[in-house]
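Taking it in order: structure first as structure tokens, then the write-up.
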There are 2 protein chains.
Amino acid sequence: MVASLVGDPARANMLTALMDGRALTASELAQEAGITPQTASSHLAKLDAGGLVELEKQGRHRYYRLTDPDVAGVLEGLAGLAARAGHMRVRTGPKDPALRRARVCYDHLAGDLGVQMLESMKTQRLVRQKKQEIELTAEGERFLERNLQISPDMLAHPRRPVCKACLDWSERRHHLAGTLGAALMTRFADLKWAARDPAPGSRVVNFSRTGEKRFAALFGGGE
Amino acid sequence: MVASLVGDPARANMLTALMDGRALTASELAQEAGITPQTASSHLAKLDAGGLVELEKQGRHRYYRLTDPDVAGVLEGLAGLAARAGHMRVRTGPKDPALRRARVCYDHLAGDLGVQMLESMKTQRLVRQKKQEIELTAEGERFLERNLQISPDMLAHPRRPVCKACLDWSERRHHLAGTLGAALMTRFADLKWAARDPAPGSRVVNFSRTGEKRFAALFGGGE
DNA sequence: TTCATGCTTCGATGATAACCGAAGCATTGG
DNA sequence: CCAATGCTTCGGTTATCATCGAAGCATGAA
């Protein structure tokens, strides 16, 4: 039964991580779900057998992605029912508050601050979001150029979109991915506003005192 | 988590029994699922807490029904994914030919005739289908008004779409759900073209001689 | 070749939850 | 009032399955 596959918390976390359409490796998914690679391997085999994900081998890595948009649609529907029942899932797993506040998701900013940034960009009309699609407005381009020295041509990429909505692990709301999301993360690091935690394997992002201030000046007024 | 509620076989069987929109008593559902009343009671309490079913007390009986069409929609989606993976539900005995030919799916027509109707509507350009989305054309509105006295304002509903593609478990093809699907089923009954089988618990729809003819005149030429 | 990485399989453990018997409420009928 | 029906709650048993340690296999790098 498909529903029992989605029912397990660990598998649900993996599927949520795949909701944006990217393909993730088995170990990345293990980390997302907060379980060991052995356990993840077992789960992924079941999801594959159930037709929810498909596998692409690439060298030593194994990339998993959702089989197709229909799967994403059903998952979204389930999330909708859960939300309505007030059963917004309180996540099991690492409760590290720093991880909840700011972390890297692939190559862009996630966590509370990531969600806050996208919200602020929307209320400032820097981007427009329609469902999963996000587009940068002309006003947004000027804003990025003026405040962060990010020009539109830096964001061009043959296959990757400039903006993309990425469903947040802890917040269950969207944050910004795509080349713009990556460029912003890079810029924050260059400006010494924030740095990835030096601990190996950590995805925590630490903001400096002044970094937090400047960030808030640009993206703070959203809420 | 909602998915784990649907994941349990006993609960899934209960939900399947409720898919046609009827309200069933706790003991009827226990029988459907093949479990004792005690166990069923526990399951139903969980489904209620999860917002999937709602309860109506009536004397000594307790009637349960699906909360709303959204729940039915998600369940249909899950069944669709399961069907694709070859994990067809065993419970719904695909043997009964009458059940394959015409039955109610929640509140609309399913089975061979349901699929045939949607196909015919598409070739007649009464509706346009893009993937999961279906929209009624202007020509379709005129057709419904003229032949079945269904006007567009009868189909308006705050949250439910007019048209929706619903994956058929026996045919593995789409039939028409949404308010239009429901309105058509109601109209067929009003016109005495078809009636639900009187046997308790049956989802079979029986067409009358003349009903079948009129139906074919409108939707028959599809194949 | 040898080593490291990424992932899987095996085996054992532990926690969760489905299940039923028995007993307890509540409602209806006599 | 008592008895019957419909359903729930309680307690204890059982079985499933998620989980992880350890070992195995495959790929890529040195």
Side-chain angles (χ1 to χ4, degrees), chain A residues 1-18 22-50 52-65 87 89-95 106 200-203, chain B residues 1-18 22-50 52-65 87 90-91 200-201:
Chain A
M1 183 74 189
V2 174
S4 58
L5 290 177
V6 190
D8 178 78
R11 285 191 292 258
N13 288 333
M14 292 180 171
L15 292 170
T16 310
L18 293 171
R22 284 177 306 158
L24 299 180
T25 66
S27 27
E28 283 171 332
L29 287 168
Q31 204 174 14
E32 282 287 331
I35 53 180
T36 59
Q38 308 95 298
T39 308
S41 176
S42 149
H43 284 313
L44 287 168
K46 286 171 189 168
L47 289 175
D48 189 26
L52 292 181
V53 302
E54 59 187 13
L55 166 64
E56 187 177 340
K57 295 185 190 178
Q58 217 169 88
R60 290 192 288 204
H61 297 277
R62 297 195 158 199
Y63 286 90
Y64 288 90
R65 84 182 76 231
H87 282 202
R89 214 141 54 74
V90 184
R91 256 199 63 83
T92 61
K95 308 168 176 78
Y106 193 53
S202 170
R203 280 168 308 164
Chain B
M1 182 71 179
V2 175
S4 57
L5 290 176
V6 189
D8 179 79
R11 286 192 292 258
N13 288 333
M14 292 181 172
L15 292 170
T16 310
L18 293 171
R22 285 174 309 160
L24 299 180
T25 67
S27 25
E28 284 169 331
L29 288 167
Q31 200 174 10
E32 281 287 329
I35 53 180
T36 60
Q38 308 94 300
T39 308
S41 176
S42 152
H43 284 312
L44 287 169
K46 286 170 190 169
L47 289 175
D48 189 26
L52 291 180
V53 302
E54 59 186 14
L55 167 63
E56 188 177 338
K57 295 185 188 179
Q58 216 170 91
R60 291 191 285 202
H61 297 276
R62 300 197 156 195
Y63 286 90
Y64 289 91
R65 83 182 77 230
H87 285 200
V90 254
R91 258 201 79 70

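So that the names make sense, note that chain A is the first sequence line, chain B the second, and so on, each numbered from 1.
When all heavy atoms of B/Asn13 and B/Glu32 are compared, the closest pair comes out as CB-O, 4.4 Å. B/Ala10 and B/Ala33 make their closest contact through O-CB, 3.6 Å (heavy atoms, listed as atom of the first residue, atom of the second, distance). In plain terms, the two heavy atoms of A/Arg11 and A/Ser4 that are nearest each other are NH2-O, 3.3 Å.
Note that CD1 of A/Ile35 is 9.0 Å distant from CG of A/Leu29, once rounded to the nearest 0.5 Å. Here OH of A/Tyr63 is found 12.0 Å from CG of A/Leu55. Values are rounded to the nearest 0.5 Å.
Using a distance-only test at 3.5 Å, with no hydrogens or angles considered, no donor-acceptor pair links the side chain of B/Arg62 to the main chain of B/Ala26. Judged purely by atom type and a 3.5 angstrom limit, A/Ser41 has no side-chain atom pairing as donor or acceptor with the backbone of A/Pro37. Judged by distance alone, with hydrogens and angles left aside, the side-chain atoms of A/Asp48 form no donor-acceptor pair with the main-chain N or O of A/Leu44 at under 3.5 Å.
Annotation: proximity of residues 39-47 of chain B to DNA chain D (heavy atom, distance under 4.0 Å) is found for B/Ser41, numbered in ascending order.
Residue-level contact check: B/Tyr63 touches neither bases nor backbone, having no heavy atom under 4.0 Å from any strand.
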Item to check | Base versus backbone protein contacts along nucleotides 22-30 of chain D [heavy-atom cut-off under 4.0 Å; B, S, -] | outcome: B----BB--
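Here D/dT19 presents its C1' atom at 17 Å from CG of A/Leu29, a figure rounded to the nearest Å. Atom NE2 in B/His61 sits about 13 Å away from atom P in C/dT27, given to the nearest Å.
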